[in-house]
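We use all heavy atoms of the structure for the numbers below, so side chains are in, but hydrogens, waters and symmetry mates are not. Here the structure is a predicted model, which means the values were calculated and not measured.
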Amino acid sequence: DELSGLVMLSCFGSEVSLEVLALVRSSLGNLDIMNTLDCVAQARFVERTDEKYRFVHDMILHAAQGAVDENERMIIMKELLQALLPHGYSDDTILFIVVDLISRV
């Protein structure tokens, strides 16, 4: 659902590339993250460009970060980390995201 998409996006910070979302898509179960974020973009909570999704305002990011308790947020971040870790060795951008997630888990 839309809230799950916003929460997942907030785990990356204010923005995330389409490339990274494609890598984590399979780890998110039944959530079709691209369609979900497109719906959220239509509601103007996030903006989609050719390369990324980004929150349109810091307050929306902070609300998404606070929408779930810290334990649930850690579970989501660990799932994202597990999906990205195998790709971090070949791509510096992914490596930096992996290091950021590790530092926050």
Side-chain angles (χ1 to χ4, degrees):
D1 73 325
E2 287 83 4
L3 181 57
S4 297
L6 285 171
V7 169
M8 186 277 311
L9 181 61
S10 74
C11 289
F12 291 107
S14 63
E15 65 184 37
V16 66
S17 72
L18 299 177
E19 174 188 6
V20 170
L21 288 175
L23 294 174
V24 300
R25 183 184 308 183
S26 63
S27 73
L28 300 174
N30 295 328
L31 182 63
D32 185 349
I33 194 60
M34 301 298 205
N35 285 339
T36 299
L37 290 177
D38 284 341
C39 290
V40 174
Q42 288 178 348
R44 302 193 190 273
F45 292 114
V46 300
E47 176 182 66
R48 180 182 176 160
T49 67
D50 291 337
E51 298 176 6
K52 64 185 173 187
Y53 284 95
R54 69 173 196 87
F55 283 96
V56 296
H57 197 281
D58 288 343
M59 295 298 289
I60 299 170
L61 168 62
H62 295 303
Q65 290 171 334
V68 295
D69 66 38
E70 193 62 29
N71 290 332
E72 187 174 347
R73 186 169 182 75
M74 289 295 136
I75 291 169
I76 295 167
M77 288 174 40
K78 286 178 183 178
E79 290 173 357
L80 296 171
L81 183 58
Q82 288 175 339
L84 291 173
L85 197 55
H87 305 282
Y89 300 108
S90 60
D91 185 326
D92 287 345
T93 302
I94 304 299
L95 178 62
F96 288 121
I97 293 169
V98 166
V99 170
D100 180 57
L101 286 170
I102 289 171
S103 72
R104 294 187 288 138
V105 170

Residues at least two apart in sequence or cross-chain that pass side chain to side chain donor-acceptor pair (under 3.5 Å) with Ser10, listed by chain then number, are Arg73

In Val16, Leu80, Ile33, the residue satisfying side chain to side chain contact (heavy atoms under 4.5 Å, CB included) with Val24 is Leu80

Of all heavy-atom pairs linking Pro86 and Ala83, the shortest is CD-O, 3.6 Å

dist Leu9:CG -> Ile60:CD1 (nearest 0.5 Å) comes out at 11.0 Å

Across all chains, not counting sequence neighbours, the side chain to side chain donor-acceptor pair (under 3.5 Å) partners of Gln42 are none

Requested in this report: Find out whether Leu81 and Val98 are in side-chain contact, i.e. whether some heavy atom of one side chain is under 4.5 Å from a heavy atom of the other.
Outcome: yes

Separation between OH (Tyr53) and CD (Glu15), nearest 0.5 Å, reads 13.5 Å

Taken to the nearest 0.5 Å, the spacing of His62 NE2 from Met59 CE works out to 7.0 Å

Residue pairs meeting salt bridge (charged side-chain N to carboxylate O under 4.0 Å, His left out), one or both in residues 39-50, sequence neighbours left out, come to Asp38-Arg48, Glu47-Arg54

| message | If hydrophobic clusters are built from ILVMFWY residues whose side chains come within less than 4.5 Å, do Ile102 and Ile75 share one? | response | no

Minimal heavy-atom distance between Thr36 and Asp1, with the atoms involved, is CG2-O, 3.3 Å

Phe12, CZ atom: more than 12 neighbouring heavy atoms under 6.0 Å | yes

Measuring only between side-chain heavy atoms, which start at C-beta, is Ser4 closer than 4.5 Å to Val7? no

